[in-house]
Amino acid sequence: MSEILREIGIISRALSYISNVEFKDIHLNKDQYLYLTRIYENPGIINDSLAELVKQDRTTVSKSIGKLEKEKLIRKEVDPTNKKIRRLYTTDKAEELYNYLKREEMYSEKAALARLSLEEREMLLLTLKKVRKNVDDEWHFVKNGNKRIY
């Protein structure tokens with residue numbers, strides 16, 4: 001069964017590599033495009049929620065956010081009710097890139113699923129959602145300082 005996770009990993013790394021190469025021209029690398037799209041789709045999100053959404057540690061997210069801010073693709077705004085909270089928003093420059101990023105995502109999905117029937121696609125999505133839920137539970141367990149026993 002470990003073959004399943006290996007296949008998922010290969011697919012993930014291959015798609016990430018392709019995107020990193022293709023987005024180099026627009027100065028997005030190291031998966032920064034992922035953060036950018038999630039901020040666009042969730043205006044006002046905070047770093048911690050973004051880290052949770054993409055299943056990354058806060059330090060990694062914070063570094064990427066800093067780079068996106070330096071590139072003037074996102075901006076931080078102080079929360080009106082809690083001055084310690086910085087909310088993240090995309091800039092006009094990023095909003096222009098979003099359509100390009102979405103087109104790439106749609107192209108990659110179409111290419112990846114090309115030989116699957118509609119029924120196979122639906123079954124794959126349903127199955128992957130179940131797997132993601134299982135992994136999400138494990139991620140939270142480990143994130144909260146617990147150690148899994150194997």
Worksheet entry | Contacts of Arg132 that satisfy salt bridge (charged side-chain N to carboxylate O under 4.0 Å, His left out) - sequence neighbours left out | none

Worksheet entry | Sequence neighbours excluded - salt bridge (Lys or Arg N to Asp or Glu O under 4.0 Å) pairs with any residue from residues 84-101 | Asp79-Arg87

Worksheet item: Are Val135 and Ile4 joined in one hydrophobic group, where the rule is that I, L, V, M, F, W and Y side chains link up if heavy atoms are under 4.5 Å apart?
Response: no

Practice prompt. Evaluate the side chain to side chain contact (heavy atoms under 4.5 Å, CB included) criterion for residues Leu88 and Leu68: first the C-alpha distance (whole Å), next the side-chain angles of each, then the deciding distance (0.1 Å), finally the verdict.
Written response: CA-CA 11 Å; Leu88 305 173; Leu68 290 171; over 6 Å; no

Worksheet item: Would Asp48 and Arg58 count as a side chain to side chain contact (heavy atoms under 4.5 Å, CB included) if you check the C-alpha gap in whole Å, the side-chain angles of each, and the deciding distance to 0.1 Å?
Response: CA-CA 6 Å; Asp48 287 354; Arg58 290 186 297 190; 2.7 Å; yes

Fill in: Any donor-acceptor N/O pair, Ser16 side chain to Ser12 backbone, under 3.5 Å
no

Fill in: Listed partners of Lys76 passing salt bridge (charged side-chain N to carboxylate O under 4.0 Å, His left out), at least two apart
Glu69

Discussion item. Show me the pairs that pass ring pair (Phe, Tyr, Trp, His ring centres under 6.0 Å) and involve residues 40-97, at least two apart or across chains.
Written reply: Tyr40-Tyr98

Worksheet entry | Neighbour count above 12 (heavy atom, 6.0 Å) for Tyr107 OH | no

Discussion item. Can you list everything that forms a side chain to side chain donor-acceptor pair (under 3.5 Å) with Thr37? Sequence neighbours excluded, please.
Written reply: none

Worksheet item: Is any side-chain N of the basic residue among Lys102 and Glu105 closer than 4.0 Å to the acidic one's carboxylate O?
Response: yes

Practice prompt. Report the residues that fulfil salt bridge (charged side-chain N to carboxylate O under 4.0 Å, His left out) with Glu22, sequence neighbours left out, ordered by chain and then residue number.
Written response: none

Response to the item:
For Ile65 and Leu50, the nearest pair of non-hydrogen atoms, with its separation, is CD1-CD2, 3.6 Å

Worksheet, complete the sentence: So the ring pair (Phe, Tyr, Trp, His ring centres under 6.0 Å) pairs with at least one residue in residues 123-150 (sequence neighbours excluded) are none

Discussion item. Arg75: which residues meet the side chain to side chain donor-acceptor pair (under 3.5 Å) condition with it, sequence neighbours left out?
Written reply: Glu77

Worksheet item: Stepwise, does the side chain to side chain contact (heavy atoms under 4.5 Å, CB included) test hold for Leu73 with His27?
Response: CA-CA 10 Å; Leu73 293 169; His27 307 285; over 6 Å; no

Worksheet item: Does Leu53 belong to the same Ile/Leu/Val/Met/Phe/Trp/Tyr cluster as Ile74, with side-chain heavy atoms less than 4.5 Å apart forming each link?
Response: yes

Worksheet item: At what distance, to the nearest 0.5 angstrom, does CD of Glu7 lie from CD1 of Ile11?
Response: 6.0 Å

Worksheet item: Side chain of Thr127, backbone of Met123: donor and acceptor closer than 3.5 Å?
Response: yes

Worksheet item: How long is the span from the CG atom in Leu28 to the CG atom in Asn20, to the nearest 0.5 Å?
Response: 9.0 Å

Item to complete: Sequence neighbours left out, what passes ring-ring contact (aromatic ring centres under 6.0 Å, His included) with Tyr33? Give chain and number order.
Response: Phe23

Fill in: Which residues share a side-chain contact (heavy atoms from CB on, under 4.5 Å) with Ser117, sequence neighbours left out
Glu119, Glu120

Practice prompt. Look at the side-chain heavy atoms of Ile, Leu, Val, Met, Phe, Trp and Tyr, link any pair under 4.5 Å apart, and say whether Val54 and Leu97 land in one connected group.
Written response: yes

Worksheet item: Which residues satisfy the side-chain contact (heavy atoms from CB on, under 4.5 Å) test with Leu113, sequence neighbours excluded?
Response: Glu109, Leu116, Arg121, Leu124

Practice prompt. Would you give the length of the straight line joining atom OG1 of Thr59 to atom CD of Gln56, rounded to the nearest 0.5 angstrom?
Written response: 10.0 Å

Fill in: Straight-line distance of Ile26 CD1 to Glu71 CD, nearest 0.5 Å
10.0 Å

Worksheet entry | NZ (Lys72) with more than 12 external heavy atoms under 6.0 Å | no

Response to the item:
d(Ser49 OG, Ile85 CD1) to nearest 0.5 Å is 9.0 Å

Worksheet entry | salt bridge (charged side-chain N to carboxylate O under 4.0 Å, His left out) against Asp57, all qualifying residues, sequence neighbours excluded | none

Discussion item. Rounded at 0.5 Å granularity, tell me how far CD1 in Ile10 sits from CD in Glu3.
Written reply: 9.0 Å

Worksheet item: Between Ile39 and Leu34, is there a shared hydrophobic cluster once you connect ILVMFWY residues whose side-chain heavy atoms come closer than 4.5 Å?
Response: yes

Fill in: Any donor-acceptor N/O pair, Ser108 side chain to Glu104 backbone, under 3.5 Å
yes

